[in-house]
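Structure record follows, encoded as structure tokens.
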Amino acid sequence: MNKKDWEQEQLRLQIVSEKLQEKLTELEPEVLQLYGQASELRKHFWEEVTVNTSTDEDFEESFYSIKQQAALLSERERIHQKRLQQWKSLNRLQKSPYFGRIDFKEYDLNNTEQVYIGLSSFLASDGMEFLVYDWRSPIASLYYDHSPGPASYITPGGQISGSMELKRQYQIRGNQLINFFDASITIGDTLLQQALGQGADAQMKSIVATIQKEQNAIIRNDSSRMLIVQGAAGSGKTTAALQRVAYLLYKHRERLKADQIVLFSPNPMFNSYVSTVLPELGEENMQQTTFQEYLAFWLGSTMKVEDPFDQMEYVLTEQNAEGYEARVEGIRYKASEDFLQVLRNYAEWLSKEGMLFKGIRLQDRDLITAEQMKEQFYSYDPSIRLANRVEKLQEWLLNELKIIARKEKKMDWVSEELDYLDNEQYVEAYNKLLKTVQRDEELFEAAERYAAVHDRIHNFENIGEDNVFDFADQQVDLLRQMIVKEHFKPLRRKVKRLKFIDMNGLYSQLFGEESEYREMAGAEVPSCWSDMREQTKDKLGKRELFYEDATPYLFLKELIEGSRTNTIVRHIFVDEGQDYSPFQYAFLKRLFPNARMTVLGDFGQAIFTQSTLLQGGDSPLNKLYGEAETTLIPLLRSYRSTQENVEFTRSMLPGGEEIIPFNRSGSKPLIQLSDSQEERLKQMAKDLAALKAEGFGSIAIITKTAEESREAYEALTSLGCEGVRLITKETLTFETGIMVIPAYLAKGVEFDAVLIYDASSHTYNRESERKLFYTACTRAMHRLHLYITGEWTPYLHSIDKQLYEAR
């Protein structure tokens, strides 16, 4: 940096800032004016048109008048929204107009272009010169992908090649130039260290100013049907994915909307954590949900579905329970590709025999029996697929109900209900009769006579039989129709919703004896089958589903009833992708047939029993869309934690030496030894106070289970620790402060300091829990404390003593 460069950069920043302010000043009254016009049009919409239905011509004129007024309102609102979005973009630029610059000389051209890069584009008043380029523009990729020297970028018209003569990074705060660096790599260590050295926040932050080359490859990948990101803890998987969403919305803004993108998050709290990233970049948030919420939406009205965190609690805490091994084996089996094929085989078997239906009953009588449905179902051409035959059966049932309803009008129960009709029902029938009798004078007179009789009946007057029934047959028939229709309405509704299919029975039927299973499933019986089938059938008998049964149940339901495919969604993002089963991935592909899928995960954090391998030849994800349409991008560098924390935590994992720590120094992890639980808690309370005094705003006490979280919360609160918050699976928002949280809920989130509540072998001793422990430790950005009473967890035995401090 020299004085001349500094003065030139200050002058340039001043000019851009002034032009930004000029544009904002110009836009503000226009935005307010357009808003006022749209508001007035909405307010007085119906005052501007007169609805006249006297003649066909008058009605047509009214229609076109309303249509014209609606089009005018829509145009005003569209222009207002466009100007408002432009105004918001410029406001975001005002505090820091740009963060990077490249000087690029295209081959065969004489001039060198200075390209300044920021959150959004800003053009000069003549509309010809870009004062700031949007970070998502094609030319901006040079900043992320290249060092000074030969460089190229891709445009819709082809590749542009040339020479990058300068790459510069800026620190601008409050519209003031603080510093700038000339870099030979993508992002200078100094700038990135300062960004990473800040405290954790209640919401995830945008990383556009510090995107690394490998992250940029994720963001701008626009060719793969399946993009898999296998990244170490803290490697920026999720933040890169959110920038990817912003990039896709920018590049395909004419045909891709935010509601055509769905993010499957690990838990509801995570949705809160990432909710500000896209708005910060000037884009609307995509749809966000959890897989559990999707299952509950489709099954919650009929079945109670266990959530994955309750399943996790069972696996972690019930090792000594009867049937534990069978349950764990069942979780693995039902999550597998083998079981997916079993259900396809079962559906094929059902197309020949074994379908189960629920009869339609009224007044404790069978109107249509389950056996009649089965006979009708298997009378259809066997070549017709299962779901289409169900549709044909549905049509047959609705027609049969019409025929039966006509016969039911003459039944005694209808006559009995006729005597007990209330005033509202009489009035309803009378009004219907009036509409009919306007076309028939004789019926009109009969209706008048009926009305007089109706008044006398409900005044409890003594009247003779001849007087009561002295009205036309049509009137009696109408009342009978009303009664029958009211009783048949729920029956028709159930048929339309396919409630005549015994889905519970069909899924339960699959879990039969071994010989039956082999016949229906076309597969060998898995181990622990006897206990597994009993556990499943017992749960189904209570109208409940294990979490591992929910996706297979829904899959079978769709094989039988027809798929609920969503053809609108274009992109699916799956965060913590290692926690989804092969079965769930196949189901997502079926559910969103037109969507591309981005999977983000770390097999080193695969804490669920059904976890999926994300990379390698054995990964089921390679087969989902085929290797030709699948791209794997590994992220090996960890940015979240200090170098000392990464070197410590990677030692816990086989193959962890591949993880590369970023060069940001801090304190070594601290292992605190105590002789008793009471001593351990007192030391933890002291450490919490010290960390708060140091200025750390986000501190997590991470436990193994929810029960241990409650224990820790109550113990620390009783010791006078203020502001401690207990996080459970019901917690919807992520906030800074001191929180007690189970390890499986802390996934994807980061904290300034992490205190591992109990790192002893008493709590963590099984090899299957190693990754859970690793996940907990990798949440720490700056400080990591582990508390041990008694024997150390075996995961720490092999760690070099030089990598931590013990006291």
Short side-chain to backbone donor-acceptor contact, Thr649 and Cys777, under 3.5 Å: no

From Glu293, Gln288, Gln292, residue fulfilling side-chain contact (heavy atoms from CB on, under 4.5 Å) relative to Pro268: Glu293

Carboxylate-amine/guanidinium contact Arg710 Glu707, below 4.0 Å: no

Whether Phe587 and Phe291 hold their rings parallel, tilted or perpendicular, with breakpoints at 30° and 60°: perpendicular

Test: Glu658 and Arg650 ion pair at under 4.0 Å: no

Under 3.5 Å side-chain donor-acceptor pair for Glu678 and Ser676: no

Aromatic ring proximity, centroids under 6.0 angstrom, Tyr324 and Tyr314: yes

Test item: side-chain donor near acceptor, Tyr744 and Glu313, under 3.5 Å: yes

Carboxylate-amine/guanidinium contact Lys747 Glu576, below 4.0 Å: yes

Test log, rule salt bridge (charged side-chain N to carboxylate O under 4.0 Å, His left out), inputs Arg92 and Glu280: CA-CA 8 Å; Arg92 280 191 295 272; Glu280 181 184 327; over 6 Å; no

Pair Asp182 + Arg168, salt bridge at N-O below 4.0 Å: yes

Pairs where residues 683-696 contributes a residue and the test side chain to side chain donor-acceptor pair (under 3.5 Å) is met, not counting sequence neighbours: Gln683-Asp687, Asp687-Tyr787, Asp687-Arg807, Glu694-Arg783

Salt bridge (charged side-chain N to carboxylate O under 4.0 Å, His left out) evaluation trace for Glu750 with Arg779: CA-CA 5 Å; Glu750 59 191 26; Arg779 301 306 94 199; over 6 Å; no

side-chain hydrogen bond (donor to acceptor under 3.5 Å, both in side chains) between Asp602 and Gln605, worked out: CA-CA 5 Å; Asp602 174 17; Gln605 299 179 66; 3.0 Å; yes

Steps toward salt bridge (charged side-chain N to carboxylate O under 4.0 Å, His left out) verdict (Glu679, Lys682): CA-CA 5 Å; Glu679 182 184 334; Lys682 287 180 179 179; over 6 Å; no

Side-chain H-bond candidate by donor/acceptor type, Gln610 with Glu548, under 3.5 Å: no

Chi angles and distances behind the side-chain contact (heavy atoms from CB on, under 4.5 Å) call for Thr630, Leu621: CA-CA 8 Å; Thr630 300; Leu621 297 186; 5.9 Å; no

Lys/Arg cation over aromatic Tyr757: Arg680, 6.0 Å, 45° cone: yes

Carboxylate-amine/guanidinium contact Glu644 Lys668, below 4.0 Å: no

Salt bridge Arg327-Asp531, side-chain N to carboxylate O under 4.0 Å: no

Tyr294 and Phe264 aromatic ring geometry - parallel, tilted or perpendicular at 30°/60° bounds: perpendicular

Parallel, tilted or perpendicular: rings of Tyr795 and Phe773 (30°, 60°): tilted

Whether Tyr804 and Phe648 hold their rings parallel, tilted or perpendicular, with breakpoints at 30° and 60°: perpendicular

Side-chain H-bond candidate by donor/acceptor type, Arg244 with Thr598, under 3.5 Å: yes

Test salt bridge (charged side-chain N to carboxylate O under 4.0 Å, His left out) applied to Glu767 and Arg770, step by step: CA-CA 5 Å; Glu767 185 58 30; Arg770 177 183 291 272; 2.7 Å; yes

Any side-chain donor near an acceptor of the partner, Arg664 and His782, under 3.5 Å: yes

Whether over 12 other heavy atoms sit under 6.0 Å from Asp675 CG: no

